[in-house]
Participant: 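Below you will find the structure I want to go over with you.
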Amino acid sequence: QAEDGIRDRSPSRGLGDVYKRQLRDGIQGFARAGLTADATVDFDVSLSTLGLDLGPDGPARALDRARDLARTAGNAGTSITVSTDCPQHVDRILVIVRDLRQDFPSVGITVQAAFHRTVADCEDLAIPGSRVRLAMGSAGAGEGIHRHRAQVDRAYAACLRILMVGPGRPVVATDDLRLLRITHALAGHLQRSVSSFEYQLPYGVRPEMQAVIADRGESMRVHLPFGTQWYPYLVGRVAVAPTNLVSLARAVLAR
């Protein structure tokens with residue numbers, strides 16, 4: 001899972017095109033390097049940075065730009081996953097993802113357990129062929145967001161069960177050991193094939209667990225930032241979980 005570092009919730013009109021161009025160049029660069037064979041790489045796409053909120057025509061502009069990226073990814077033999085950044089954007093993002101999937105069925109969507117609405121969203125998204133990346137998100141005081149980490153954990157477990165029971169392809173994007181163990185146990189209980197779901201852990205975080213998952217024969221993908229805007233990404237990762245600072249530092253120093 002590759003994520004470009006450029007993120008801005010209130011982008012200028014020009015930044016939307018810059019973000020699209022840089023991400024498109026990234027996809028094509030990965031393809032030229034032979035890294036997109038067999039859909040081993042998936043690219044994270046922010047509709048907010050593509051201009052979702054820029055006036056009445058924002059959703060249409062974001063859709064056109066996302067469609068171009070989905071086409072580029074498809075030509076490269078890979079896929080994109082659309083992210084969600086706040087509860088107030090989710091309805092518009094779901095509409096765009098449904099539109100994209102008419103021509104590009106492999107388009108995925110990231111949902112955040114920290115949002116109050118996500119359990120209900122997972123029930124709607126757990127359909128055949130749907131790839132849903134379940135992230136933790138951050139607890140906070142914002143509207144529509146769980147205030148405490150324990151609430152986020154419970155919501156994540158509830159969403160996880162809905163997606164694992166459903167006929168889609170769950171993507172388990174957490175480094176919480178309890179939830180990783182629950183996923184493995186639930187997959188065994190439901191007799192899900194190892195190819196019908198996957199795990200995603202951030203680069204440098206719990207590498208020993210990543211190895212355990214891969215050794216079990218389960219699908220394990222690493223969430224890796226790319227591009228020039230590495231510092232905002234690093235700050236964001238540490239803000240979500242301060243302990244990530246140690247793991248990321250070890251990963252950098254080890255290489």
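Atoms considered below: every heavy atom in the structure, side chains included; atoms not considered: hydrogens, waters and symmetry mates.
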Participant: Would the distance check show the side chain of Arg221 and the main-chain N or O of Glu198 forming a donor-acceptor pair, the cut-off being under 3.5 Å?
Facilitator: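 Not at all, since once roles are kept as given, no pair shorter than 3.5 Å links the two residues.
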Participant: Starting from Leu63, can I reach Val97 by hopping between I/L/V/M/F/W/Y residues whose side chains sit under 4.5 Å apart?
Facilitator: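 Val97 and Leu63: one cluster.
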Participant: Would the distance check show the side chain of Arg65 and the main-chain N or O of Leu50 forming a donor-acceptor pair, the cut-off being under 3.5 Å?
Facilitator: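 Yes, Arg65 side chain to Leu50 backbone: donor-acceptor pair under 3.5 Å.
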Participant: Does Thr118 reach the main-chain N or O of Gln112 with its side chain, forming a donor-acceptor pair under 3.5 Å?
Facilitator: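 Yes, the answer is positive, given that a donor and an acceptor are paired below the 3.5 Å cut-off.
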Participant: Main chain of Asp99, side chain of Gln102: is a donor-acceptor contact present, judged purely on distance under 3.5 Å?
Facilitator: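 The answer is no, because no donor-acceptor pair under 3.5 Å joins these two groups.
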Participant: Would you say that Leu180 contacts Tyr199 through its side chain, given a criterion of any heavy-atom pair below 4.5 Å between the two side chains?
Facilitator: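 When only atoms from C-beta onward are counted, Tyr199 and Leu180 do touch, with a gap below 4.5 Å.
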Participant: Is there a donor-acceptor pair closer than 3.5 Å between any side-chain N or O of Gln191 and the backbone N or O of Ala187?
Facilitator: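 Looks like no, no N/O pair under 3.5 Å.
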Participant: Any chance you could lay out the side chain to side chain contact (heavy atoms under 4.5 Å, CB included) test for Cys159 and Val111, step after step, and finish with the verdict?
Facilitator: CA-CA 10 Å; Cys159 292; Val111 295; over 6 Å; no
Participant: Hey, does Phe197 have a side-chain heavy atom less than 4.5 Å from the side chain of Glu218?
Facilitator: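 Yes. Closest side-chain heavy atoms under 4.5 Å.
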Participant: CG of Asn75 to OG1 of Thr36: how many Å apart, nearest 0.5 Å?
Facilitator: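 Rounded to the nearest 0.5 Å, the CG-OG1 separation comes to 10.5 Å.
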Participant: Would you call Val172 and Gln200 a side-chain contact if the rule is heavy atoms closer than 4.5 Å?
Facilitator: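 When only atoms from C-beta onward are counted, Gln200 and Val172 do not touch, as no gap falls below 4.5 Å.
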Participant: Is there a side-chain contact between Arg67 and Arg71 (heavy atoms, below 4.5 Å)?
Facilitator: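 A side-chain contact under 4.5 Å exists here.
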Participant: Heavy atoms only: give me the nearest Phe43-Leu23 pair and the separation to one decimal.
Facilitator: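 What the structure gives for the nearest pair is CD2-CD1, 4.1 Å.
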Participant: Mind running side chain to side chain contact (heavy atoms under 4.5 Å, CB included) on Ile109 and Arg133 for me, showing each step along the way?
Facilitator: CA-CA 6 Å; Ile109 184 168; Arg133 181 175 179 267; over 6 Å; no
Participant: Quick one: closest heavy-atom pair of Thr110 and Asp44, and the distance?
Facilitator: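 Taking Thr110 first and Asp44 second, the nearest heavy atoms are OG1-OD1, 4.3 Å.
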Participant: Find the distance between CE (Met220) and CE (Met209) and round it off to the nearest 0.5 Å.
Facilitator: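 The CE atom of Met220 sits 9.5 Å away from the CE atom of Met209.
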Participant: Is there a side-chain contact between Gln88 and Glu143, using heavy atoms and a 4.5 Å cut-off?
Facilitator: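 Side-chain contact under 4.5 Å: yes.
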Participant: Do Val152 and Val171 share a hydrophobic cluster, counting only Ile, Leu, Val, Met, Phe, Trp and Tyr and linking them when any side-chain heavy atoms are less than 4.5 Å apart?
Facilitator: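 Different clusters: Val152 never reaches Val171 through Ile, Leu, Val, Met, Phe, Trp or Tyr contacts under 4.5 Å.
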Participant: Just how far is it from atom CZ of Arg24 to atom OG1 of Thr72, taken to the nearest 0.5 Å?
Facilitator: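 The CZ atom of Arg24 sits 6.0 Å away from the OG1 atom of Thr72.
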Participant: Of all the heavy-atom pairs spanning Ala76 and Ile27, show the shortest one and how long it is.
Facilitator: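 Here Ala76 and Ile27 meet closest at CB-CG2, 3.9 Å.
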Participant: Which heavy atom of Pro167 sits nearest a heavy atom of Ile127, and at what distance?
Facilitator: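 Closest approach of Pro167 to Ile127, heavy atoms only: CG-C, 3.7 Å.
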Participant: Is there a donor-acceptor contact under 3.5 Å linking the side chains of His89 and Thr84?
Facilitator: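 Per modelled atom types, His89 and Thr84 side chains form no pair under 3.5 Å.
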Participant: Under 3.5 Å, is there a donor-acceptor pair between the side chain of Thr40 and the main chain of Leu35?
Facilitator: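 At least one qualifying donor-acceptor pair exists.
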Participant: Between Met164 and His189, is there a side-chain heavy-atom distance shorter than 4.5 Å?
Facilitator: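 A side-chain contact under 4.5 Å is absent here.
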Participant: Check the hydrophobic clustering (I, L, V, M, F, W, Y; side-chain heavy atoms under 4.5 Å; chains of links allowed) and say if Leu134 and Leu190 are grouped together.
Facilitator: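 Same cluster: Leu134 reaches Leu190 through Ile, Leu, Val, Met, Phe, Trp or Tyr contacts under 4.5 Å.
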Participant: With no hydrogens and no angle check, just 3.5 Å: does a side-chain donor-acceptor pair link Glu208 and Gln210?
Facilitator: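 No donor-acceptor contact under 3.5 Å links the two side chains.
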Participant: Salt-bridged, Arg117 to Asp91, with N to O below 4.0 Å?
Facilitator: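 Salt bridge between Arg117 and Asp91, a charged N being under 4.0 Å from a carboxylate O: yes.
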Participant: Side chain to side chain contact (heavy atoms under 4.5 Å, CB included) between Ile182 and Leu160: does it pass, once the steps are laid out?
Facilitator: CA-CA 9 Å; Ile182 288 172; Leu160 177 63; 4.0 Å; yes
Participant: Mark yes or no for whether Arg169, through its side chain, and Ser195, through its backbone, hold a donor-acceptor pair below 3.5 Å.
Facilitator: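 Such a contact is found between Arg169 side chain and Ser195 backbone.
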Participant: With the 4.5 Å side-chain cut-off for hydrophobic clustering, are Val119 and Leu94 part of the same group?
Facilitator: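 Val119 and Leu94: separate clusters.
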Participant: Using a strict 4.0 Å threshold on nitrogen-to-oxygen distance, state whether Arg149 and Asp176 make a salt bridge.
Facilitator: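 Judged by the 4.0 Å cut-off on N to carboxylate O distance, Arg149 and Asp176 do form a salt bridge.
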Participant: So, for Ser46 and Ser83, which heavy atoms are closest and what is the spacing to 0.1 Å?
Facilitator: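 It is CA-OG, 3.5 Å.
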Participant: Quick one: do the Ser130 and Arg101 side chains pair a donor with an acceptor below 3.5 Å?
Facilitator: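 There is such a pair (donor and acceptor under 3.5 Å, judged by atom type) between the side chains of Ser130 and Arg101.
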Participant: Under a 4.5 Å side-chain heavy-atom rule over Ile, Leu, Val, Met, Phe, Trp and Tyr, are Leu163 and Val90 clustered together?
Facilitator: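 In one cluster with Leu163: Val90, yes.
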Participant: Using the side chain to side chain contact (heavy atoms under 4.5 Å, CB included) rule, take Ile96 and Val82 through it: C-alpha gap first, then chi angles, then the decisive distance, then the call.
Facilitator: CA-CA 9 Å; Ile96 290 175; Val82 175; 6.0 Å; no
Participant: Would you kindly say whether Asp42 and Thr81 are connected by a side-chain donor-acceptor distance under 3.5 Å?
Facilitator: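 Indeed, the side chains of Asp42 and Thr81 share at least one donor-acceptor pair under 3.5 Å.
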Participant: State the CG-CE distance between Leu179 and Met136, to the nearest 0.5 angstrom.
Facilitator: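 That separation rounds to 5.5 Å.
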Participant: Any non-hydrogen side-chain atom of Leu47 less than 4.5 Å from a side-chain atom of Arg92?
Facilitator: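 Not touching, per the 4.5 Å side-chain cut-off.
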Participant: Would you find more than 12 non-hydrogen atoms of other residues, nucleotides or ligands less than 6.0 Å from Arg161 atom CZ?
Facilitator: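 Counting neighbours around CZ of Arg161, 12 or fewer heavy atoms of other residues, nucleotides or ligands fall under 6.0 Å, so no.
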Participant: In this structure, are over 12 heavy atoms from other groups packed under 6.0 Å from Arg216 atom CZ?
Facilitator: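 For Arg216, atom CZ is crowded (more than 12 foreign heavy atoms under 6.0 Å).
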Participant: Are the side chain of His223 and the backbone N or O of Leu201 linked by a donor-acceptor pair below 3.5 Å?
Facilitator: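 No, the answer is negative, given that no donor and acceptor are paired below the 3.5 Å cut-off.
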Participant: Nearest heavy-atom pair of Ala126 and Gly166: which atoms, and what distance?
Facilitator: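 The pair with the smallest heavy-atom distance is CB-CA, 4.3 Å.
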Participant: Can you tell me how far OG of Ser79 sits from CZ of Phe104, rounded to the nearest 0.5 angstrom?
Facilitator: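 Nearest 0.5 Å value for the CZ-OG distance: 12.0 Å.
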Participant: Evaluate the side-chain proximity of Arg154 to His146: yes if any heavy-atom separation is below 4.5 Å, no if none is.
Facilitator: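 Sidechains of Arg154 and His146: no contact.
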Participant: Please round to the nearest 0.5 Å and tell me the distance separating atom CD1 of Ile93 and atom OG of Ser48.
Facilitator: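 The CD1 atom of Ile93 sits 5.5 Å away from the OG atom of Ser48.
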